[in-house]
Each structure stands twice: as C-alpha cells, then as structure tokens.
Asker: 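Supplied in structure tokens, the structure appears directly below.
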Amino acid sequence: MEQKQFKAESKRLLDIMINSIYTHKEIFLRELISNASDAIDKLYFKSLTDESVGMKRDDFEILIEADKDKNTLTIRDNGIGMTEEELENNLGTIAQSGSLAFKTDNELGDESQIIGQFGVGFYSAFMVAKEVTVRTKAFGSDKAYEWKSAGVDGYTIDECDKQDVGTEIILTLKDDTDDEKYSKYLDQYQIQSLVKKYSDYIRFPIKTEVEHQHYDDDGNPTEVHREIKTINSMVPLWKKNKSELTDDDYNSFYADKFGDFYPPAAHIHTHNEGAATYDALLFIPSKTPFDYYSKDFEKGLQLYSSGVMIMEKCEDLLPDYFSFVRGLVDSEDLSLNISRELLQHDRQVKLIAKTLEKTIKNELTKMLKNDREKYEEFYSNFGLQFKFGIYQSFGANRDILKDLLLFHSSFSDKKTTLEEYVSRMKEGQENIFYACGDSIARIEKLPQTELVKDKGYEILYFTDEVDEFAIKVLIDYDGKKFKSVSDSDLDLETKEEKEESKKQTESCKDMFGFMKDVLGDKVKEVRLSSRLKSAPVCLSSNGALSMDMEKVLNAMPQNADKQVKAEKALELNGSHPIFEKLKALYESDKDMLTKYTKLLYSQALLIEGISIEDPVELSNMICDLMV
Ligand code: ADP
C-alpha cells in the first residue's frame, strides 16, 4: 500500500494539532459529530426526493462507541459518505490550505488562533489520537475505502469492506501522560457530558452505549445492564425558546457550526411571521475572517426548509454590505427541491432577505447606540464594506448605510457618525468638510485644513481610498453637502476678505498669467488662495474628480494606460513673505520666477502626496538656489 504525503500546509497544521497543548482538546468530539451531522443532512435531503436512498428521517443516527480494550473511540454515521476522490481531497488537504501559507512561523505561534481561524474540523482528531482511521462508503458507490494516518508522515487509502453507506472515524487515543489523560474520552459519562455541552442541538440522535450497574437487596453489585441511549435533546437551537438560552448556548453553537474560535460580537435570534415566516439565527463575528476582503470570500447563510438543510451558503439572503454575517434561516415557505437558479428568483427568499436586512441594520444601530466601544471594534473589522456598499450601488443603499458609517475627525480622537458631525455644525455652516490622506497625521498637516479648522469648522478625515468615492455618491447628509477642503470654491471668507483678495488678484493678474504659462497644462490656473494660513502654497481641485480620486484611480492596474487627471489650480498665500518675493521677481528677474514657480508647484505636489514628474530637475533647482 502506498503512503501518500499531506499537502505542505496541511502537514504544518497537522503538526500543530499533534503537538497541541491547546486546553480545549475536547472539542475534537464536537468537530467530528458536526461533520457526521452535515453528512447526514446531505443524505437526508437526498432521501426526500430520491427513493433509492431508502431511509426515513428516524433511520439516521450518529453512534459513539468506546472500546477500552482496544483504546479506540469510534464515531459512526449513516450519512452520505465519501468517494475515494473525496477522501483524498477532503482529508489529504485542508479546504483553505493556501491561506496558511500566508502566515509566517512566528504568526503560527498562537495555536489557539490557528485552531479557530481555520476551522480545522477533522484535523482536531489528532489532538487526542495517535492514529486515525476513516472507513467510508459513499451513497451510490459500491466500493468502500479506508483512510489511515498516524500523523505527519502521510496517509494511506485502500479499498475496504463496509456494507452500509456512511462513515466511521476510529480514533486510537494517545497514551496517557502525567498531564493529560486521553483515556477519559472512553468514559461514558465524559462522552455524555461532552455531547450535552457541545452537540445537544444536533438534529439527529447521537447514541452511545450506557451501562447501568444493578445491585441486589444488600447493595452488592450484580449484573451490568447495557443499552444504547440517545444523549442529545435534538431540538435545533433556533427552534428553542429564546428565554431558555444563554449566551453560552449561542456561542458554542456558533463555534461548532461555523468553526470560529472567537465568540461572536453579537447574535440575533428572530422568529418572523407574516409575508415571510422563518426562524433566523444570525451572528456577527468578532474578528475579520482572513479572506474577508479577498475574492475567495463567499457570503451567505445556511438555508433550511422546515429543519432540512437545503443550502450551505445561500448568498441571496445577504446583501454584500452585510456579507460578514453568518448564520442560518429556517423557513416553512420554501420548497425542498428548489434549485440554486430558482432560488434567486424566489419571491420568498427575497422577502426573507429584505426583512433580515432590516433586522441586521437594527441590531447594528442598537450596538452603535448602546455599546459604542463594541461598535467601533466591529466597524474596524467590517466598516469598509459599508463604504463599498454605498459606492457600488451608486447610492441606492445610502439610507440603509449612511448612519452606520464612522469617520475620524478633527473634533476628537474618537470616530464620529455623520449625525454627530451635523449636530456639532456651526450656525450658518452649509457644508460637511472633509480632507483626504494616507493617515490622520498627514491630513492634519495639510495646508488646506489649517484655515478651515481655524474658522472653527470640524473636518472629517478620510483615510480609506474608498471614502471620497463613497461620499461623492452620498452627495449630502441631512441636506448638508460634502465638501473637500481642497475644493476650489470653499467660500470661507468674509465679505471684506473677499473684497481684499479681489483687489490683490487684480493687481497680480499678469504675474499669475506668467506663472500659469510656466506650468503649462499641469494646472488650470494659478491664483490667490483663500484657504491658506501659514503655508505658502497648495493645490486645489475644480470639478468632480478630486486629486485624491486621481491618485486612487491612476494606481489601479486596470487604469495603467488610461490615466485620469484632476483639474488643479496652484494657490498662493497672499500674506506669505514668499508672495512679496514673487512679485519682486516678476518685475526684476523672470528667469528666477520661472524656477520659483516650478519649485512651488513641486512643493505643492509633495504636500499633496502626489509624486513629482521630474525629481532630478527639482533637486537641481534646489542646489542652484543653495549655492
Ligand atoms: P469542514 O467540516 O470545515 O469542511 P473538515 O476538515 O472537518 O472541514 O472536513 C473536511 C471535509 O471532509 C468536509 O467538508 C466533508 O466534505 C468531509 N467529511 C468529514 N467528515 C465527514 C463524514 N463523517 N462524512 C462525510 N464527509 C465527511
């Protein structure tokens, strides 16, 4: 028989499992039972439309067998089983194994994180077993196969003898050590209490053999009576009464069902009647899944029809901006043999999705109002998605999302909602001001922000690339328009100031014209600034495309050969000493003014975080001035 190697990443994970000092080793049982239950779900679902399955609801079960003589624990199910190929694919590699490759060994240090993050299911068996044997026969196949592995050295797959469809996992437990008594997992009370603790709501019976010691009248033990007993209560959690359930119940259900080690940030348990009748159990994760912002991430909720799982991930139940939600929906209104394609057009699914969307929004709003700290933590995990949501829908979802947004602002270190910003607006303030940049520190240093702040206006700080795009789609909030501090028409001056700058502009018209000619089509205009306080120069933008949007769009690989250009103006600070110098040069030394103009333009670009076209020229000009 041929020994096969695990895929590299699987091997590393396996290694972690085998040498795990993880304190919750007992979860292996929960993982294996869940796999068994999923496999039964699949076959039960099939049996409803395919008579050849030949099984009724009551026939399905999970059996746990402890053999103290052989030191083995067996978990047996009569679910769908695995073909040889599935054995190879499912147990020789980890589904998302690639992701492990991203992690350095250092990051792998915290094993509990690994165990949580990857939902390592089956592999957790190696935390307690020195050898694992999987014997399985797939529905519809006439051959059975045995997969065997004693750890990192690899595994074998061979044909074997197995009459019934289904899977049995045989764990040969590790030897007891001083610290760890693996043999306890063969104890019937231990098994019962673990099943109660983690798998009580599993919808199929979990059975095990229990022993009853009988005694005679004098209290002496007589015979031992054995019987197979169902040890879980089998009522699905979401069908239970909310008042009977504790946070622990929800948390362990979540951990089990979704393989997330971290307890959820919040859960929502609702029963809805009316246009759509359903039970839903939803969870908001407390950590961002490692692949959340990648294209591999699949959103969706498990879909049940009257207790039968009909789909593992029904994406139509969740809008993209709530794609982080995990959970399930159970509805009587759905037909069992509905196909994926039909589902998309199913009126019932749409109705459920609409109602769920409101429910999720309400839950988040509640969190925002009642537990700001938790909401901010949540927002740092998933808030980006809301901004994409607004942008991608061209604003169609603005009303659902606009009050869930948070931004940094000049008001304080804490993030603010738009509602809070508006409530702080000065009398007569028409606009919601914002500034863009790579970081808060950088934005705070932007010359354009100085005067706006000085006049007592709060500025929102946009540090995500999508921010300005989203806000452009939002257009306004509560009737207040969004305005970039770099926009050409900031309109911050008093009447007198306007008069004054008009005069100054008039008197320097020719110089501005000269400077504009020096810069050519790099700028649309050179003009006197109404926004600068202490800085000598800045850029401002006219029109719909801002400089920051230009930066973002031009950095996208798909735009490599169709670069966009924002309409820029070079603005000069009329009360800066350099301005007087420029005026003098215009009269006496036009060559020098040409240099100064180029220098000032380069400076403005640098301040803005835009790379300059010719750094060598800039460097040479500076040297010229220095010598
Ligand atoms: P997950 O359950 O998160 O997908 P696992 O490592 O626990 O990851 O299992 C990998 C795959 O192996 C499962 O998705 C399933 O297809 C298959 N599998 C595991 N246990 C069983 C079982 N008892 N019966 C049928 N298939 C199983």
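One-based numbering, in listed order, for ligands and for the atoms of each. Along the sequence shown, residues carry numbers from 1.
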Asker: Just checking Phe322 against Phe382, ring centres under 6.0 Å apart?
Answerer: no
Asker: Hey, does Asp77 sit under 4.0 Å from ligand 1 if you only count heavy atoms?
Answerer: yes
Asker: Of the choices Lys42, Met82, Arg76, Glu31, which has the non-hydrogen atom that lies closest to atom 27 (C) of ligand 1?
Answerer: Met82
Asker: Give the atom numbers and elements of ligand 1 that come within less than 4.0 Å of a heavy atom of Phe122.
Answerer: 5 (P), 6 (O), 7 (O)
Asker: Sort out for me which residue in Asp175, Asp153, Asp176 forms a salt bridge (charged side-chain N to carboxylate O under 4.0 Å, His left out) with Lys130.
Answerer: Asp175
Asker: Tell me whether the centres of the aromatic rings in Phe378 and Phe324 are closer together than 6.0 Å.
Answerer: yes
Asker: Have a look at ligand 1 and work out which part of Thr136, if any, has a heavy atom under 4.0 Å from it: side chain, backbone, both or neither.
Answerer: neither
Asker: Quick check on the 6.0 Å ring-centre criterion: do Tyr321 and Phe386 meet it?
Answerer: no
